[in-house]
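By convention in this document, chain letters (A, B, ...) are assigned in the order of the sequence lines, proteins followed by strands, and residues within each chain are numbered from 1.
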Amino acid sequence: MSWYLEEGPHADVVISTRIRLARNIRHYAFPNLLDPEMAKECYDEVTEALHTANAKMKDECVEYDLADISTPQLQSLVERRLISEDLAQKRQVGRVILSCDESIAILLGEEDHIRIQAMQAGLRLAEAYREAEAIALLLEERLPLAYHEDFGFLTSCPTNVGTGLRASVMLHLPALGRSRGFDRLLSDLRQSGFAVRGPYGERSNPDGYLYQVSNQLTLGSSEAESIEALETAVLFLVKQERKARLKLFEQQRLSLENRIFRAYGILSQARLLTSSELSGLISDMRLGVALGYFPGLVQAKLNRLANESGVGEILAQAGVMKTAEERDEIRAKMARELMIGALLKPDPHASFSAGLNTSDIVSEQDDTQPDAAE
Amino acid sequence: MSLDFNHLNEGFEYESPQSLLYKFYRQEAARCPACGTTYRYFLQNGKFGCAKCYDTFASQLKKEVLPRMQRSHRYVGRKYGVPCRFPMDKAEDESVSVPREVHEAVSESNSSEAVLKEVREDLQSLQKQLKEAVIREDYEQAARLRDEIRKYQADLQEGGKS
């Protein structure tokens with residue numbers, strides 16, 4: 001079971017939490033100056049250390065040499081945010097170690113030798129940090145990692161030196177993102193030391209009202225301080241977003257409902273869907289689910305659709321080449337299947353036959369309603 | 001009153017052989033001996049070549065680079081190999097991992113409190129390592145840690161009494 005199939009805290013606004021720790025081995029040059037042979041030796045040392053540290057690791061994790069996997073598989077890893085675009089471009093030497101539920105990804109050979117990533121659904125910064133730190137500690141014990149008394153953990157780029165920590169939270173802000181004061185709010189956030197970006201790292205623009213907020217400083221602030229500051233900022237945004245949704249509901253209910261149900265109409269009937277159209281529609285559906293219009297649907301299922309409907313993932317699943325139209329057809333079919341029963345209140349006695357997890361839906365409604373009343 | 005002619009050189013293109021030599025020397029010095037990265041290369045690419053670069057370019061980093069990038073050049077994160085502590089799990093940690101005798105020993109003696117505190121911190125880290133060793137089923141390491149912890153505890157009790 002993948003980590004994103006679970007419903008996390010504040011799921012009505014927060015999609016996912018990610019922690020990244022950057023580490024390097026002391027006696028190797030950083031990846032930008034490391035020749036392929038040395039790189040292989042270096043990354044072998046890391047995998048070896050991980051295997052001896054934890055015998056279970058070998059069975060519970062999958063290791064990919066990026067040179068060995070197909071291009072769609074590689075693209076799928078990028079789409080599902082398991083590896084970065086940077087690593088995908090360094091395909092000849094790059095490697096990734098994935099845990100079974102894909103909540104842990106250890107990237108070898110990106111900008112730094114080792115990048116440990118831990119992902120969780122919803123807002124779970126401390127938990128995700130603990131997961132990543134446990135692996136960092138195993139490596140610190142077994143390998144001579146680059147560490148400096150004055151600068152902390154050394155990284156290729158000094159923007160990461162120190163804690164090597166990048167904590168980021170992906171938020172869905174459809175109401176706040178449309179409101180007038182939002183640009184100022186973003187610039188205030190940036191001034192307080194947070195970075196705000198679109199979902200796929202540094203290059204893209206916010207898409208489907210998804211925003212990634214992360215800490216920017218790795219010196220002068222401890223791991224716990226960085227994480228707490230980010231959590232405070234995220235909780236503030238969550239509160240503002242809920243307020244904005246309530247305002248939207250009270251003041252423009254008709255146009256809001258129109259938009260949400262049009263999205264539902266398209267998703268439940270369309271025969272072809274491009275990925276960019278889909279991300280906009282999923283955004284409207286997420287808002288609809290959060291406002292309680294779709295008792296038969298939970299956020300986690302929309303997250304799954306978003307995660308598994310990318311070009312690379314569709315091709316990787318199909319195993320053969322598909323034209324753009326064929327991919328759009330597959331995508332539309334996935335959406336139609338998900339929309340079945342979305343409007344119906346799940347019958348608690350029929351939960352087995354319907355295949356819906358009713359406890360998720362109940363807790364989802366409990367989460368959103370008192371907050372909307374605030 | 002002493003005369004100062006230094007200002008006469010201001011705005012002058014001409015550079016003395018000494019200053020050229022000095023500049024050349026500086027350029028040479030600003031090359032990482034381990035990987036050959038120069039400060040100039042770093043300014044162009046934003047990336048260092050190896051861990052040693054941080055020693056080579058430490059002064060430039062502290063003066064020019066980090067104030068712009070990080071707002072601080074002081075590292076306050078966790079020490080190598082020691083887990084980070086969150087304020088919220090501090091209270092819980094202390095009640096679990098530090099024996100009551102240690103608390104008493106520390107509060108009883110004022111003179112050696114600093115030393116005891118250090119020992120106590122070491123003890124905590126050892127206990128944490130022990131827990132981790134048990135979790136990953138590394139019993140050899142766990143036994144070694146257990147013996148070490150016993151030694152520390154004995155030391156602490158003695159220190160508390162004297």
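Taking every heavy atom of both residues into account, B:Phe48 and A:Pro158 meet most closely at CE1-CG, 3.8 Å. Between A:Ala29 and B:Cys50, the shortest heavy-atom distance links the atoms CA-CB, 4.0 Å. Counting all heavy atoms, side chain and backbone alike, B:Tyr54 lies closest to A:Leu154 at CG-CD2, 3.6 Å. In plain terms, the two heavy atoms of A:Glu223 and B:Tyr75 that are nearest each other are OE2-OH, 4.0 Å. Nearest heavy atom pair, residue A:Ala136 against residue B:Arg78, reads CB-NH2, 3.8 Å.
The number of heavy atoms from other shown groups lying within 6.0 Å of CD (A:Gln191) does not exceed 12. Around CZ of B:Arg74, the count of heavy atoms belonging to other residues, nucleotides or ligands within 6.0 Å does not exceed 12.
Rounded to the nearest 0.5 Å, atoms CZ (B:Phe42) and SG (A:Cys157) are 7.0 Å apart. Here the CG atom belonging to B:Leu61 is positioned 9.0 Å from the NE2 atom belonging to A:His148, to the nearest 0.5 angstrom. To the nearest 0.5 Å, atom CG of residue A:Asp150 and atom NZ of residue B:Lys62 are 4.0 Å apart.
For A:Asn32, the part sitting under 4.5 Å from any heavy atom of chain B is the side chain, from C-beta outward, and nothing else. Within the 4.5 angstrom heavy-atom criterion, only side-chain atoms of B:Glu132, from C-beta onward, approach chain A. Heavy atoms closer than 4.5 Å to chain A are found in both the backbone and the side chain of B:Ala58. With a 4.5 angstrom heavy-atom cutoff, A:Leu33 touches chain B only via side-chain atoms. Contacts of B:Lys79 with chain A are made by both backbone and side-chain atoms, with heavy-atom separations under 4.5 Å. Interface remark: A:Ile227 contributes side-chain atoms only to the contact with chain B (heavy atom separation under 4.5 Å). For chain B, no part of A:Asp112 is nearby; none of its heavy atoms comes within less than 4.5 Å. Residue B:Asn45 does not touch chain A at all, counting heavy-atom pairs closer than 4.5 Å.
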Full working for side chain to side chain contact (heavy atoms under 4.5 Å, CB included) between B:Leu66 and A:Val161: CA-CA 10 Å; B:Leu66 293 176; A:Val161 73; 4.3 Å; yes
Full working for side chain to side chain contact (heavy atoms under 4.5 Å, CB included) between B:Met69 and A:Leu219: CA-CA 10 Å; B:Met69 272 179 185; A:Leu219 284 171; over 6 Å; no
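Taking a cutoff of 4.0 Å between a charged side-chain nitrogen and a carboxylate oxygen, B:Lys128 and A:Glu133 do not qualify as a salt bridge.
Ring geometry for A:Tyr129 against B:Phe86 counts as perpendicular: the plane angle is over 60°, on a 0 to 90° scale with 30° as the lower cut.
When each of A:Leu217, A:Leu137, A:Thr163 is scored by its heavy-atom pairs under 4.5 Å with chain B, the top score falls to A:Leu137. When A:Ala134, A:Ser226, A:Ser156, A:Ser221 are compared by the number of non-hydrogen pairs under 4.5 Å with chain B, A:Ser156 comes out ahead. Comparing A:Gly152, A:Gly164, A:Ala146 by how many heavy-atom pairs each has under 4.5 Å with chain B, the most go to A:Gly152. With respect to chain A, the highest number of heavy-atom pairs below 4.5 Å among B:Lys52, B:His73, B:Gln70 belongs to B:Gln70. Of the listed residues (A:Thr155, A:Leu34, A:Asn24, A:Leu139), the greatest number of heavy-atom pairs within a distance under 4.5 Å of chain B belongs to A:Thr155.
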